[in-house]
K.L.:
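Sending over a structure as C-alpha cells; questions will come in a sec.
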Amino acid sequence: MPELPEVETVRRGLSDSVVGARIESARVRHPRAIRRHELGRRDFVDRVAGYEILAVRRRGKFLWWQLAADDQPQLALIAHLGMSGQFRLTDKQRVVDRHARATFRLADTRTVVFRDQRTFGWLRLDDWDGDGVPEPVRHIGLDPFDPAYDQKQVAIGMARSESGIKRLLLSQNLVSGVGNIYADEALWRAQVHPETSGSSLAEEGCRRVLDQVAAVMTAALDAGGTSFDPLYVSVNGESGWFDRSLDAYGREGLPCRRCGHAILRERFTNRSSHRCPECQPAPFV
DNA sequence: CCAACTACCTGTTAGC
DNA sequence: TGCTAACAGGTAGTTG
C-alpha cells in the first residue's frame, strides 16, 4: 500500500526518467482509472497529447506531472495510486498487461504504463499554472517532507481535537502522507495507544508522535530509495520492501521488539491496528 | 462544521 | 477438490 515514502520513491523514479519527455498520445484502457476526470475519456486523451513533462511533484500521497505545451494552457496530470497503483516504463510496442489502466506513449517511443490491480487509484487532468498545488490536491494537508511543513502548528491542531491520534494521523487533513502501516509504526515508536485523544496527548505528546512519523517515513524512504525499482513499487511485501524493519504492523502474536509482549491486532474502522499491550496501554478515558 | 460510517475494487488466503 | 468468506485499505461521498 503506497504511503508517502513509496509515493516519493515513485516520484523520484518518474522524475529521473520522464522529465523533458513529450507525450505523443495516451490511451485509457479502463474507464475507472479516469473516473475523477469530469470531462471524460475523450477529453483526457485528446487534451494531454503533445504536452511536455516539466516536473513530477507530490503532496502526501498525491502525485502530479507538471505539463506545458506551446500556446496551450499549463496542465497537471494528477495521479493517486490508491492501494495498488504503479507506474512502469517500457520500450515495448505492445503493452500486454491485464492490470494496465492507462498508457502514455512518449515521443521517444517509450511508454509509461499506469497499472492498478485493485482500481482504487485514479488519474485526472486539470488546468494548473504551476503555483501552489492543483485544485484536487488543495484539501490535503502539508506532509512532513514539505519545506513549509510546520510540525508545531500540526501538533497544536491535533491537541485541539477529541479524536483518537490514529484517526488524526490518517485523516490527511492536518498532516498528509500517513497510512495505516506508518501510523501503527509511529505510534509503536512513540509508545502511544492509537485511541489516545489529541487533547489528552496535548501539544507536547502530539509533537512526540509527529517526531516518530517523520523518523519512520525517513527510514522507509532511505530503504526504498535504494533497494528496489522505483517504477515498480510492490503492492504488498514483494521483494525488498520496508516490512523487514516493521515493528508493529503485520506482527500480530510476535514479540514486541522492545518488551517481548505479543503484539495485538485489533479492529479499527474496518481495518487493523497493531500495538504492543505493554508499551502502548489503553488510555484512561 | 465535525465525526463516523460506507462504497468502491480484486487477488490471495483461510476455512469448511 | 471446490466453494465461500474474510481480508487488505485510501478516498470521497453521505449521514447524523
Side-chain angles (χ1 to χ4, degrees), chain A residues 1-8 10-11 28-38 58-64 78-87 97-102 114-124 126 133-141 143 156-187 194-200 213 217 220 232-239 241-243 246 248-253 263-275 285:
Chain A
M1 303 116 251
E3 302 183 26
L4 187 151
E6 294 77 32
V7 178
E8 173 59 15
V10 171
R11 189 199 66 76
V28 174
R29 295 178 166 227
H30 194 304
R32 203 174 135 72
I34 53 143
R35 67 192 180 282
R36 309 210 61 77
H37 184 74
E38 281 134 11
R58 181 190 58 73
R59 172 175 287 182
K61 305 170 197 169
F62 288 72
L63 196 64
W64 63 96
I78 306 160
H80 197 292
L81 302 180
M83 295 296 300
S84 53
Q86 302 169 333
F87 282 107
D97 182 344
R98 68 200 233 90
H99 297 310
R101 305 305 184 203
F114 176 69
R115 62 192 312 275
D116 186 12
Q117 178 205 112
R118 280 151 76 179
T119 72
F120 277 30
W122 48 263
L123 302 170
R124 65 177 283 176
D126 282 85
V133 299
E135 193 279 327
V137 188
R138 246 168 246 164
H139 65 294
I140 297 298
D143 64 65
I156 289 170
M158 287 178 161
R160 268 200 273 266
S161 173
E162 295 305 315
S163 291
I165 184 68
K166 181 165 179 178
R167 207 178 288 275
L168 293 171
L169 289 175
L170 294 178
S171 75
Q172 312 302 308
N173 188 18
L174 290 160
V175 58
S176 68
V178 186
N180 202 40
I181 296 174
Y182 295 121
D184 281 2
E185 291 301 305
L187 291 168
E195 301 282 10
T196 315
S197 69
S199 66
S200 65
V213 168
M217 285 189 166
Y232 192 78
V233 169
S234 68
V235 178
N236 193 7
E238 275 177 53
S239 62
W241 199 238
F242 188 65
D243 46 52
L246 296 179
Y249 184 84
R251 299 196 72 244
E252 180 185 18
I263 298 290
L264 291 179
R265 182 165 71 98
E266 296 163 320
R267 292 218 67 77
F268 173 82
T269 59
N270 266 343
R271 61 206 60 194
S272 292
S273 261
H274 306 75
R275 69 177 174 97
V285 179

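Letters A, B, ... mirror the listed sequences (proteins, then strands); counts begin at 1.
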K.L.:
Tell me what A:Phe62 touches on the nucleic acid: a base, only sugar-phosphate, or nothing, going by heavy atoms under 4.0 Å.
P.N.:
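If one applies the 4.0 Å heavy-atom cut-off, A:Phe62 turns out to touch the sugar-phosphate alone, with no base involved.
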
K.L.:
State whether A:His80 places a side-chain N or O below 4.0 Å from either non-bridging phosphate oxygen (OP1 or OP2) of C:dT11.
P.N.:
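Answer is yes, contact under 4.0 Å.
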
K.L.:
What's the closest nucleotide to the A:Tyr249 side chain, out of C:dA8, B:dC8, C:dT11?
P.N.:
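So the side chain of A:Tyr249 is nearest to C:dA8.
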
K.L.:
Compare the minimum distances between each of B:dG11, C:dT11, B:dC9 and the side chain of A:Gln117, then state the nucleotide with the smallest one.
P.N.:
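Among B:dG11, C:dT11, B:dC9, the one nearest the side chain of A:Gln117 is B:dG11.
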
K.L.:
From B:dA4, B:dC9, C:dA12, pick the nucleotide closest to the side chain of A:Trp122?
P.N.:
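Within the option list, the nearest is C:dA12.
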
K.L.:
Give the rounded distance in Å between these two atoms: CZ of A:Phe268 and C1' of B:dT6.
P.N.:
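The distance from CZ of A:Phe268 to C1' of B:dT6 comes to 15 Å, rounded to the nearest Å.
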
K.L.:
Charged N to carboxylate O below 4.0 Å: is that the case for A:Arg124 and A:Glu38?
P.N.:
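A salt bridge links A:Arg124 with A:Glu38.
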
K.L.:
Looking at A:Ser84, does any N or O in its side chain come under 4.0 Å of the phosphate oxygens OP1/OP2 on C:dG10?
P.N.:
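Looking at the OP1 and OP2 atoms of C:dG10, neither is under 4.0 Å from any side-chain N or O of A:Ser84.
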
K.L.:
What is the distance from CG of A:Asp184 to P of C:dG10, rounded to the nearest Å?
P.N.:
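Between P of C:dG10 and CG of A:Asp184: 10 Å.
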
K.L.:
Taking CZ from A:Phe120 and C1' from B:dC9, how many angstroms apart are they, rounded to a whole number?
P.N.:
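My rounded result for the distance is 5 Å.
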
K.L.:
Take the protein atom CG of A:Asp143 and the nucleotide atom P of C:dG10, then report the distance between them rounded to whole Å.
P.N.:
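The distance from CG of A:Asp143 to P of C:dG10 comes to 16 Å, rounded to the nearest Å.
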
K.L.:
Any luck finding a side-chain donor-acceptor pair between A:Ser199 and A:Glu162 under 3.5 Å?
P.N.:
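Yes, a side-chain donor-acceptor pair sits under 3.5 Å.
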
K.L.:
Ignoring backbone atoms, establish whether A:Arg115 has a side-chain N or O less than 4.0 Å from OP1 or OP2 of B:dT10.
P.N.:
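Negative; the distance criterion is not met.
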
K.L.:
Taking CG from A:Asn173 and P from B:dA3, how many angstroms apart are they, rounded to a whole number?
P.N.:
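One finds 9 Å between P of B:dA3 and CG of A:Asn173, rounded.
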
K.L.:
Rounded to whole Å, how long is the line connecting atom CD1 of A:Ile181 with atom P of C:dA8?
P.N.:
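Checked: the CD1 to P distance equals 11 Å.
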
K.L.:
Report the nucleotide, chosen from B:dA4, C:dA8, B:dC8, that has the shortest atom-to-atom distance to any side-chain atom of A:Arg167.
P.N.:
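Of the options given, the side chain of A:Arg167 lies nearest B:dA4.
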
K.L.:
Would you kindly compare A:His99 and A:Arg32 by the position of their nearest DNA chain B nucleotide and give the one closer to the 5′ end?
P.N.:
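The residue mapped nearer the 5' terminus is A:Arg32.
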
K.L.:
Counting any heavy atom closer than 4.0 Å, what does A:Arg35 reach on the DNA or RNA strands: base, sugar-phosphate only, or nothing?
P.N.:
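If one applies the 4.0 Å heavy-atom cut-off, A:Arg35 turns out to touch nothing in the nucleic acid.
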
K.L.:
Taking N and O atoms by type only, does the side chain of A:Arg271 place a donor or acceptor under 3.5 Å from a partner on the base of C:dG10?
P.N.:
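Under the 3.5 Å cut-off, the side chain and the base do form a donor-acceptor pair.
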
K.L.:
Looking across every strand, which nucleic acid part, if any, lies under 4.0 Å from A:Glu162 by heavy atom: base, sugar-phosphate, or nothing?
P.N.:
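Nothing, no heavy atom under 4.0 Å.
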
K.L.:
Between B:dC9, C:dC7, C:dG9, spot the one nearest the side chain of A:Asn180, thanks.
P.N.:
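Between B:dC9, C:dC7, C:dG9, the one nearest the side chain of A:Asn180 would be C:dG9.
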
K.L.:
Atom CZ of A:Arg101 and atom C1' of B:dC8: how far apart are they, to the nearest Å?
P.N.:
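Computing the A:Arg101:CZ to B:dC8:C1' distance gives 13 Å.
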
K.L.:
Describe the nucleic acid contact of A:Arg98 in one word from base, sugar-phosphate, nothing, applying a heavy-atom distance below 4.0 Å.
P.N.:
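The residue A:Arg98 makes sugar-phosphate contact but no base contact.
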
K.L.:
Is a salt bridge present between A:Arg115 and A:Asp97, judged by a nitrogen-to-oxygen distance below 4.0 Å?
P.N.:
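Looking at A:Arg115 and A:Asp97, the cut-off is met.
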
K.L.:
Excluding sequence neighbours, so at least two apart, what forms side-chain hydrogen bond (donor to acceptor under 3.5 Å, both in side chains) with A:Arg275?
P.N.:
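A:Arg275: side-chain hydrogen bond (donor to acceptor under 3.5 Å, both in side chains) contacts with A:His193, A:Glu266.
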
K.L.:
Once you round it to whole Å, what is the distance between P of C:dA12 and CD1 of A:Ile78?
P.N.:
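My rounded result for the distance is 11 Å.
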
K.L.:
Start at the 5' end of DNA chain C and walk down; is the nucleotide closest to A:Arg36 or to A:His274 reached first?
P.N.:
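Its nucleotide being nearer the 5' end, the pick is A:His274.
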
K.L.:
Determine: side-chain N/O of A:His139 to OP1/OP2 of C:dT11, distance under 4.0 Å, yes or no.
P.N.:
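Result: no.
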
K.L.:
Is A:Thr269 touching bases, backbone alone, or none of the nucleic acid, heavy atoms closer than 4.0 Å?
P.N.:
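Touches nothing.
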
K.L.:
Does the pair A:Glu8/A:Arg11 count as a salt bridge with the N-to-O cut at 4.0 Å?
P.N.:
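Answer for the salt bridge query: yes.
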
K.L.:
Taking donor-acceptor contacts at under 3.5 Å, does the side chain of A:Arg118 reach the base of C:dA8?
P.N.:
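Answer is yes: a donor-acceptor pair is held.
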
K.L.:
With a 4.0 Å cutoff (strictly under), does any side-chain N or O of A:Ser272 reach OP1 or OP2 of C:dA8?
P.N.:
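It does, given that an N or O in the side chain of A:Ser272 lies less than 4.0 Å from OP1 or OP2 of C:dA8.
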
K.L.:
Which heavy atom in A:Ser176 sits nearest to a heavy atom in A:Gly141, and how many Å separate them?
P.N.:
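Looks like OG-O, 2.7 Å.
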
K.L.:
In plain terms, say whether A:Lys166 and A:Asp184 are close enough for a salt bridge, that is, a side-chain N and a carboxylate O under 4.0 Å apart.
P.N.:
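Salt bridge flag = yes for A:Asp184 with A:Lys166.
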
